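Only one structure is covered here, and it is reproduced in the block below.
Naming: A, B, ... by sequence-line order, numbering from 1 per chain. Note that the structure is a prediction, hence the values are computed from the model and not measured.
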2 protein chains.
Amino acid sequence: MMYESFKLFARVLSNRTRFDIVMLLMEREMSVLELCDALGYEQSRVSHNLRCLLNCGFVEVERRGKRRIYRLNGEIKELISKIKNHIQLYESWLRECGILREEGIAKVMVE
Amino acid sequence: MMYESFKLFARVLSNRTRFDIVMLLMEREMSVLELCDALGYEQSRVSHNLRCLLNCGFVEVERRGKRRIYRLNGEIKELISKIKNHIQLYESWLRECGILREEGIAKVMVE
DNA sequence: ACATCATATGACGCATTTATCATATATAGT
DNA sequence: ACTATATATGATAAATGCGTCATATGATGT
């Protein structure tokens with residue numbers, strides 16, 4: 001299909017909370033509280049999105065005492081670091097064209 | 001930012017209509033009617049989504065008689081063909097893990 | 001057994017996305 | 001000017017996404 005797999009990948013990462021979580025987990029594994037503190041997001045917000053990341057195979061968990069340590073899946077990590085470069089080029093092109101502005105794009109789809 | 005640019009790219013392509021249109025335009029330029037016929041989608045559906053693709057810099061238009069011929073932007077075309085390979089690897093991994101099934105994924109986010 | 005800390009889950013409301021129907025515009029041919 | 005063809009646009013409704021509040025679970029220490 002190709003569409004289904006791209007959609008999964010794209011939808012997971014085109015949410016600010018999940019994107020931020022994944023970027024942090026690119027560096028090192030973290031507990032929920034650590035993520036909350038680092039990002040300044042509410043705990044349930046982080047947990048809900050971690051569940052989504054887990055369902056989609058983006059992360060793995062390990063219980064450690066009272067905590068749950070989340071780590072990025074290896075394949076995903078590799079995939080993201082590859083795509084990252086392309087997106088950076090894309091970003092500079094977007095700016096040249098004036099499509100991407102400082103405030104970002106509020107609504108992507110509305111015409 | 002990086003998030004904003006990824007989000008734009010991801011949201012544009014994680015819609016079946018737009019994805020299908022873009023895939024066709026990877027091969028050759030086409031008019032609206034040609035796209036409608038090839039995809040079996042309603043005309044206004046295609047037009048709405050072409051407008052979105054245009055706003056986001058994915059496509060360019062040229063008037064030719066009564067028709068409007070749409071073509072994929074060069075940078076985008078290159079970007080997509082690069083990312084395509086990564087996504088194909090990702091797809092086979094998704095299948096191995098059992099995350100991606102035949103029916104696809106209905107709701108990505110719901111937990 | 002109880003209190004506390006860490007995390008998960010359910011429900012709800014609001015915002016966004018998207019297809020569809022109806023209608024408008026614009027070009028070409030007669 | 002009129003008609004037909006090609007395309008664009010506006011409004012609306014249904015579905016989905018997402019954060020928040022409240023509450024539940026589960027482990028640790030006393």
Side-chain angles (χ1 to χ4, degrees), chain A residues 3-4 6-22 24-25 29-56 58-71 104-111, chain B residues 3-4 7-22 25 29-56 58-71 104-111:
Chain A
Y3 167 66
E4 293 296 340
F6 179 80
K7 179 178 168 185
L8 185 62
F9 184 77
R11 291 273 168 107
V12 167
L13 285 183
S14 63
N15 164 271
R16 172 65 87 176
T17 310
R18 289 188 293 271
F19 186 89
D20 287 347
I21 291 176
V22 166
L24 279 182
L25 295 183
E29 54 181 33
M30 289 174 97
S31 74
V32 179
L33 262 200
E34 281 180 306
L35 286 167
C36 289
D37 288 349
L39 295 171
Y41 295 151
E42 222 197 332
Q43 179 263 319
S44 72
R45 176 175 174 183
V46 171
S47 276
H48 275 303
N49 283 290
L50 281 170
R51 152 77 36 209
C52 168
L53 289 169
L54 198 58
N55 290 341
C56 298
F58 272 60
V59 299
E60 294 149 9
V61 212
E62 177 197 342
R63 177 139 235 153
R64 208 172 290 169
K66 279 187 263 192
R67 319 199 149 188
R68 291 196 190 186
I69 308 297
Y70 285 86
R71 106 176 55 80
I105 316 110
K107 302 180 184 178
V108 178
M109 296 314 148
V110 175
E111 297 130 48
Chain B
Y3 167 66
E4 294 296 340
K7 179 178 170 185
L8 185 61
F9 184 78
R11 292 271 170 107
V12 167
L13 285 181
S14 61
N15 164 271
R16 171 67 86 178
T17 311
R18 287 188 294 272
F19 186 89
D20 288 348
I21 291 176
V22 167
L25 296 183
E29 56 181 32
M30 290 173 96
S31 74
V32 178
L33 262 200
E34 281 180 305
L35 285 167
C36 291
D37 289 349
L39 296 171
Y41 296 150
E42 222 197 335
Q43 179 262 317
S44 72
R45 177 175 173 183
V46 171
S47 276
H48 275 303
N49 283 290
L50 281 170
R51 152 73 41 206
C52 168
L53 289 169
L54 198 58
N55 290 341
C56 299
F58 272 61
V59 300
E60 294 150 9
V61 211
E62 176 197 342
R63 177 138 235 152
R64 209 172 289 169
K66 278 187 263 191
R67 321 199 147 189
R68 290 198 191 184
I69 308 298
Y70 285 86
R71 106 177 56 79
I105 315 109
K107 301 179 186 178
V108 179
M109 297 313 147
V110 174
E111 299 130 47

Quiz prompt | Glu62(B)/Arg67(B) salt bridge by N-O under 4.0 Å criterion | solution = no

Quiz item: Are the side chain of Arg18(A) and the backbone of Leu53(A) linked by a donor-acceptor contact shorter than 3.5 Å?
Solution: no

Self-check item: His48(A) over dT9(C), stacked by centroid distance under 5.5 Å, angle under 30°
Solution: yes

Self-check item: Nucleotide nearest Arg68(A) when distance is taken to its side chain, options dT7(C), dT9(D), dT17(C)
Solution: dT7(C)

Quiz item: Arg11(A) CZ to dG17(D) P: how many Å, rounded?
Solution: 6 Å

Quiz item: Out of dT7(D), dT20(D), dA28(C), which has the shortest distance to the side chain of Lys66(B)?
Solution: dA28(C)

Practice problem: Would you indicate, yes or no, if dG17(D) has its OP1 or OP2 atom less than 4.0 angstrom from a side-chain nitrogen or oxygen of Asn49(A)? | Solution: no

Quiz prompt | Integer-rounded Å distance: dC18(D) C1' and Leu53(A) CG | solution = 14 Å

Quiz item: In whole angstrom, what separates Arg45(B)'s CZ from dA6(D)'s P?
Solution: 21 Å

Quiz item: Looking at OG of Ser31(A) and CG of Asp37(A), how far apart are the two atoms once the value is rounded to the nearest 0.5 Å?
Solution: 8.0 Å

Practice problem: Measure the distance from CG on Asn15(B) to C1' on dT18(C) and round it to the nearest whole Å. | Solution: 7 Å

Practice problem: Can you tell me the distance, in whole Å, between the OH atom of Tyr41(B) and the P atom of dT7(D)? | Solution: 18 Å

Quiz prompt | Euclidean distance, atom CZ of residue Arg51(B) to atom P of dT17(C) [Å, nearest integer] | solution = 17 Å

Exercise. Please state how far atom CZ in Arg63(B) lies from atom P in dA28(C), giving the value in whole angstrom units.
Key: 8 Å

Quiz item: Would one find a side-chain N or O of Tyr70(A) under 4.0 angstrom from OP1 or OP2 of dA8(C)?
Solution: yes

Exercise. Using only heavy-atom distances, decide whether a donor-acceptor pair under 3.5 angstrom links the side-chain of Thr17(A) to the base of dC18(D).
Key: no

Quiz item: Are the side chain of Tyr3(A) and the backbone of Arg16(B) linked by a donor-acceptor contact shorter than 3.5 Å?
Solution: yes

Quiz item: Once you round it to whole Å, what is the distance between P of dC5(C) and CG of Leu33(A)?
Solution: 11 Å

Quiz item: How about Asp20(B) and Tyr41(B): does a side-chain donor come under 3.5 Å of a side-chain acceptor?
Solution: yes

Quiz item: Can a donor-acceptor pair under 3.5 Å be found between the side-chain atoms of Gln43(A) and the base atoms of dA6(C)?
Solution: no

Quiz item: Within less than 4.0 Å of OP1 or OP2 of dC18(D), is there a side-chain N or O belonging to Arg18(A)?
Solution: yes

